[in-house]
Each structure stands twice: as C-alpha cells, then as structure tokens.
Amino acid sequence: MTTLKSAFTQNSFGESELLYSTIADVYEKIEQTTKRLEMTRYLVDLFKQTPKEIVDKVVYLTIGELYPPYVGIELGIAEKLAIKAIANSAGVSEKEVQNVFREVGDLGKTAEMLLEKRKQVTLFHQPLTVEHVYETLEKIARATGEGAQDVKIRNLSGLLNNASPKEARYLVRMVTGRLRLGIADMTVLDALAIAFGGGKEFREEVERAYNLSSDLGYVAKVIAEQGLEGIRNFRVTVGRPIRPMLAERLTSPQEILEKVGGKAIVEFKYDGLRIQAHLTPDQAWLFSRRLENLTNQFPDVVEGLREALKCKEAIVEGECVAIDPNTGEMLPFQMVAHRRGRKYGIEEMIEEIPVTVFLFDVLYVDGQDFTVRPFLERRKALEEVVEPTERIRLSEYAIVDNPEVLDDFMHKAIESGCEGVMVKSIGGDAIYQAGARGWLWIKYKRDYRSEMADTVDLVAVGAFMGRGKRGGTYGALLMAAYDKETDAFKTVCKLGTGFDDETLAALPKIFEPYKIDHKHPRVDSKIEADVWFVPAKVLEVIGAELTISPSHTCALDVIRKGSGIAIRFPRFTGRWRDDKAPEDATTVQEIVEMYRSQLKRVEE
Ligand code: ATP
C-alpha cells in the first residue's frame with residue numbers, strides 16, 4: 001500500500017490536491033477529544049492545509065454532509081448496501097461482514113477491520129483525493145430510480161478499493177449518515193475565523209454571514225478566498241435561507257411591556273408552519289423553521305405569493321395556517337402538518353386542506369436588505385409590498401402600551417384559533433436578529449387551558465353565509481347558551497365543522513321556519529350574523545376547550561371584565577337535540593362551572 005507522507009498529491013495539471021487521508025487523520029484526532037478548543041485547533045490546521053477552492057467541500061464532509069442541509073439531498077445509504085460494498089472490497093462474504101458488524105456495532109470500524117486483513121494481500125492503490133471522494137459521494141447521493149442501488153454499491157466499492165483501513169472507517173460512517181464527529185456549527189465558525197479571519201475575535205462577523213446564508217461551506221469559501229473583507233460585504237441572497245429570528249418568552253403582560261420599553265407591536269401568534277419564502281421572477285423557495293425545503297409541498301403558497309407580492313424579488317416570512325375551506329376559520333396546527341413531507345397527492349391536499357399564509361416580516365426586497373432595518377420599517381415595507389389576498393394575508397396587529405389591552409388582544413388571538421401573541425419591539429435597534437433568540441420578540445401564550453371534556457347543547461340563533469364549496473348555504477351557525485338569570489341566549493361560538501354534506505345543503509331549509517330579519521330580542525350578541533333565527537333548534541357540540549373571549553357574550557364580565565367565554569374549535573357531533581327546548585340548552589352558569597373546573601396549567 002502506498003504510504004502517504006504528504007497531505008497533498010498532484011493532479012495532471014500539476015495542482016496540489018488534498019488527500020482524503022489527511023482528513024481521516026484529523027477526524028481521528030477529533031474523535032479522541034471532547035475539548036472544543038482542541039477540536040477547533042485541529043480544524044484550523046486542516047482548513048489551512050486545504051486548497052481554497054475546495055474548502056467548502058471539506059467543511060461539508062466534516063459535518064457529515066455534501067451540501068448545506070436546506071438543499072435536502074441526503075447521503076445516508078442503507079446499511080445493507082454498505083455491507084455489500086464492504087464485502088466486495090474486502091473480498092469476504094456479506095455474512096462475515098454482518099458477523100463482525102454485530103460484534104463491534106459500528107459499520108465504519110467493521111470496514112476498517114476487514115480491510116486491515118486485506119492490506120496484506122493487496123499492493124496497488126490510488127491515493128484518494130478529497131475531490132475524488134466528494135464527487136463519488138455525490139454520485140452515490142444523487143443516484144435514484146432503477147439501478148440506483150447498483151450505482152451506489154459500485155461507487156462505494158470503488159472508493160473502498162482504494163481506501164486505507166482508516167479512510168474506510170470514515171467513508172463508511174459518512175455514507176451511512178453516521179459520521180457524527182460532534183463538531184458544532186459554532187466550532188466550525190470559530191475555526192474559520194481563526195484560520196482565515198485573523199483570530200477568534202472575528203467569530204461574530206463570520207457568524208453573521210452564516211446566519212444570513214445558513215451555509216457553512218459557502219461562508220468558508222468566501223472567507224478563505226476573500227478574507228474578512230468578503231465576510232463584511234456578505235449580503236442576504238435570494239435562495240439561501242436566513243436563519244430565523246426567535247423569541248423569548250414571558251408570562252406577565254406587565255413584564256413584557258417593561259422589557260420592550262413600555263410600548264410595542266403585538267401580533268397574533270398563528271399556530272401553523274413558519275415559512276420563509278424567497279422569490280425571484282422565475283424561481284421560488286419555501287423554507288421551514290428548520291430550513292427544510294418545502295417548496296414542492298406548497299405550490300399554492302408560491303402561486304399565492306406571486307399574486308400578492310408587488311415587487312420582483314423578495315424574502316418574506318409568515319406562518320402557514322390551515323383554513324376551514326367552508327367557514328374561512330383557522331384550524332389547529334395538526335391540520336397544516338398533514339400538508340408537510342408529501343411527495344404525492346399534492347393537488348388533492350391543496351383542495352382538502354387549503355392554507356393561508358399570514359405574513360409577519362420582510363427581509364429583502366429588490367436589492368434592499370431589510371434585516372438591518374428596525375421592525376416598524378419592515379412592517380411598513382411589508383404593507384407596501386403585499387397586496388393581501390385570501391391566501392396571503394398580513395398578520396393582525398395592534399400597538400399597545402397597556403397590559404390590559406395586551407391581554408385583551410391575546411384573548412382575541414386565542415379565540416381566533418391562534419396560540420397567543422408575539423410582542424415585538426418597535427425601538428430603533430429592533431433589527432432582524434437572524435439565528436438568535438432575543439428580547440426583541442417576546443411570545444406570550446396562556447398559562448391556563450380549559451379543555452372540554454364533555455359535549456354541550458347549544459341553540460342556533462343566527463347564521464353566516466357560506467363561501468367556496470358552501471356557497472348558497474350557511475357556512476356556520478351562531479350558537480348560544482341559555483342564561484337563566486336574564487332569560488336570554490348568549491353567544492358562545494360559530495359552528496361550521498362536523499356537518500356532513502347532506503345536512504349542510506339542507507341547513508337553509510331546516511332553519512327557514514325560524515328565520516327573522518332582525519336579531520331576536522332574547523338574543524344577546526356582539527357579533528353581527530348574516531341571518532337571524534328565533535332561538536329554537538338545539539345542537540350537540542363538542543369543542544377543544546373553553547377560552548376567554550372578547551367577542552362572545554356568554555358569561556360576560558364573569559371571569560374577566562369586558563370578556564365572555566367561547567368554545568374554541570367547536571364541532572357538531574351530528575346530534576340534533578330536538579328533544580330539548582331552547583331553555584333546556586346548556587346554561588351560561590354551567591359553562592362558567594365547566595371553565596373553572598377544567599382549568600389546567602399549561603405544561604410546556
Ligand atoms: P415554539 O417552540 O414555542 O413553537 P419556536 O421555538 O419554534 O417556538 P418561538 O421563538 O418560540 O419559536 O416562536 C416563534 C414562532 O412563532 C415562529 O417561529 C413562528 O413560527 C411563529 N409565529 C406565529 N405568528 C408569528 C408572528 N406574528 N411573528 C413571529 N412569529 C410567529
């Protein structure tokens with residue numbers, strides 16, 4: 001076997017190429033330490049030896065990837081295939097590979113041990129260069145469809161045939177997705193700052209570039225080729241995800257307002273999937289909070305954004321929420337989650353679970369980097385650049401300087417199907433802090449939930465006209481509980497879910513006898529229905545929970561001044577309670593009792 005004394009070999013053009021054995025030696029040293037400083041030192045040495053043109057590849061390989069994660073191409077090949085390739089290269093049976101594997105529990109070590117034995121009988125090897133390894137791994141990762149398995153095995157065997165036992169250890173771990181050297185992104189950034197920037201004190205600047213691009217390899221290449229100057233000139237790029245800004249959390253509205261300087265913007269905190277959308281006239285990318293590429297799963301969102309955005313290029317952020325196609329109301333997070341990770345049946349899903357994106361930030365518009373602008377400017381730009389449609393809307397917000405108003409807004413958000421609110425600093429320094437969890441954004445969720453354990457019987461007092469598939473019938477009914485004290489009906493929810501198609505179509509007919517052209521005098525409602533009924537029909541309803549509500553009149557002022565209680569995510573059980581008179585419906589007093597007894601601290 002060729003002994004590898006130098007880190008380099010020469011290619012046919014006389015250029016020096018980094019040998020894979022150099023990398024393998026560094027990996028071995030890294031594996032033997034748990035000290036971050038030592039790891040950093042080994043990486044610095046490695047980066048310094050690396051030709052600048054391939055420093056990105058060395059970085060990707062070292063973190064066990066071939067590309068930045070948002071590209072979504074994974075190397076991980078099945079152990080079964082790797083075993084075949086090892087058997088080929090070591091000249092042993094698959095069974096033998098499996099036996100050793102079972103004993104040592106690490107396929108990389110297995111390959112190393114088996115190739116050790118081969119060492120004595122094989123004489124000629126081509127030293128593996130990093131570039132050759134990288135290209136071959138790319139072939140393995142990209143092979144799909146018929147014959148892909150053969151391509152993978154053949155290419156891996158090819159590498160192993162030329163690998164030293166130690167190299168084989170890391171190659172096999174790499175292809176099976178088990179490199180796991182324990183190097184954090186931040187350690188790579190430290191090493192880059194030291195190797196090419198002049199010292200660890202420049203880490204923050206390097207980190208900023210990483211936060212703006214989410215691509216360690218790309219940052220490495222820029223700093224290796226252009227030094228700190230390149231890092232300082234680093235700009236947001238459409239198509240490279242920006243690491244998301246995150247929020248701190250507090251539970252008292254007073255404390256929150258103090259923290260943000262007394263006055264702030266408060267927005268609904270929608271309960272869906274965070275989406276960072278990048279658009280150019282001919283390309284689009286949607287990235288998740290964890291920067292996975294969701295573009296193919298949400299073509300409707302891309303189309304919606306193209307319609308709503310009044311600029312050429314943009315990066316905007318918002319929450320993608322499932323919407324009940326019939327009533328237009330928001331649905332719980334679990335619904336939009338069904339749209340995720342799908343390869344097939346996407347058109348059907350768009351029909352079944354339509355979504356709306358509530359945009360809450362803009363990071364880039366036509367050459368202007370908005371990440372460095374304060375939030376109020378960003379919000380203004382967002383309003384200028386977006387013409388809201390049904391599918392693309394802007395997050396609901398208010399400017400608050402009073403804890404009670406903040407609380408009211410939170411309850412309004414929850415009642416609308418949100419998780420709570422986000423309070424955002426409007427200070428001049430409130431830039432978009434990519435990749436950071438800070439106090440410029442504070443999330444405020446409820447401390448308590450009152451889950452509904454039982455059904456309630458409610459009276460229909462009005463209705464709203466349907467949209468979409470429900471055009472021509474009612475989209476939802478306005479439901480009320482009976483208040484014994486005042487002998488009136490107090491509203492508690494809009495009910496649009498749980499009806500089968502037949503019942504739905506029949507609703508106008510069912511309610512025809514009760515229709516009146518004004519609100520019934522015994523109905524107490526802050527909400528204006530499209531159609532009013534005499535309180536008569538009783539329906540059985542189950543909801544997810546009872547919440548404080550600024551818009552419903554049930555138990556107004558009982559739990560909280562100015563607010564009532566509402567049922568969140570109500571659903572018709574299918575039972576018409578024609579055996580009950582409206583006065584036999586669940587009473588306001590019972591609902592207050594349910595609210596109190598089912599109150600639980602939210603454990604998060
Ligand atoms: P959690 O674990 O609580 O869901 P997280 O760690 O994912 O939160 P947080 O910083 O706690 O993120 O909360 C911010 C999340 O809230 C965002 O990632 C986004 O998905 C969501 N969100 C919903 N509405 C808004 C809004 N108006 N502004 C900002 N983020 C919003």
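Whatever order the structure lists ligands and atoms in, that order sets their numbers, starting from 1. The analysis underlying the following values was restricted to heavy atoms, covering all of them including side chains, and did not include hydrogens, waters or symmetry mates.
- Ile426 contributes atom CD1, which lies 13.0 Å from atom NZ of Lys424 (distance to the nearest 0.5 angstrom).
- Ring pair Tyr474/Phe464: centre-to-centre distance not below 6.0 Å.
- Residue contact annotation: Tyr397 has no non-hydrogen atom under 4.0 Å from ligand 1.
- Proximity of Lys445 to ligand 1 is established by a heavy-atom distance of less than 4.0 Å.
- Under 4.0 Å from ligand 1, not a single heavy atom of Gln276 appears.
- Of all the listed residues (Arg437, Arg274, Lys269), Lys269 holds the heavy atom that lies closest to atom 13 (O) of ligand 1.
- With a 4.0 Å heavy-atom cut-off, ligand 1 is reached by the side chain of Arg289 but not by its N, CA, C or O.
- Proximity of a side-chain donor or acceptor of Gln276 to a complementary backbone N or O of Ile242 within less than 3.5 Å is detected.
- By the 6.0 Å contact criterion, NZ on Lys312 is open, its count of non-hydrogen atoms from other residues, nucleotides or ligands being 12 or less.
- Compare Trp441, Phe360, Tyr270 by their heavy atoms: the one nearest to atom 26 (C) of ligand 1 is in Phe360.
- For the salt bridge (charged side-chain N to carboxylate O under 4.0 Å, His left out) test, residues two or more places apart in sequence or in another chain that qualify with Lys269 are Glu419.
- With distances taken over non-hydrogen atoms, the option nearest atom 22 (N) of ligand 1 out of Glu419, Met245, Glu396, Glu319 is Glu319.
- Taking the six-membered ring for Trp, Tyr364 and Phe370 have ring centres at least 6.0 Å apart.
- When heavy-atom distances to ligand 1 are checked against a 4.0 Å cut-off, Phe268 comes that close only through its backbone atoms N, CA, C and O.
- Remark: aromatic rings of Tyr218 and Phe234 are close, center separation under 6.0 Å.
- Using a non-hydrogen distance threshold of 4.0 Å, Arg249 does not register as a contact of ligand 1.
- Side-chain polar atoms of Asp361 and Tyr432 form no donor-acceptor pair below 3.5 angstrom.
- In Glu317, neither the side chain nor the backbone holds a heavy atom less than 4.0 Å from any atom of ligand 1.
- With a 4.0 Å heavy-atom cut-off, ligand 1 is reached by the side chain of Lys443 but not by its N, CA, C or O.
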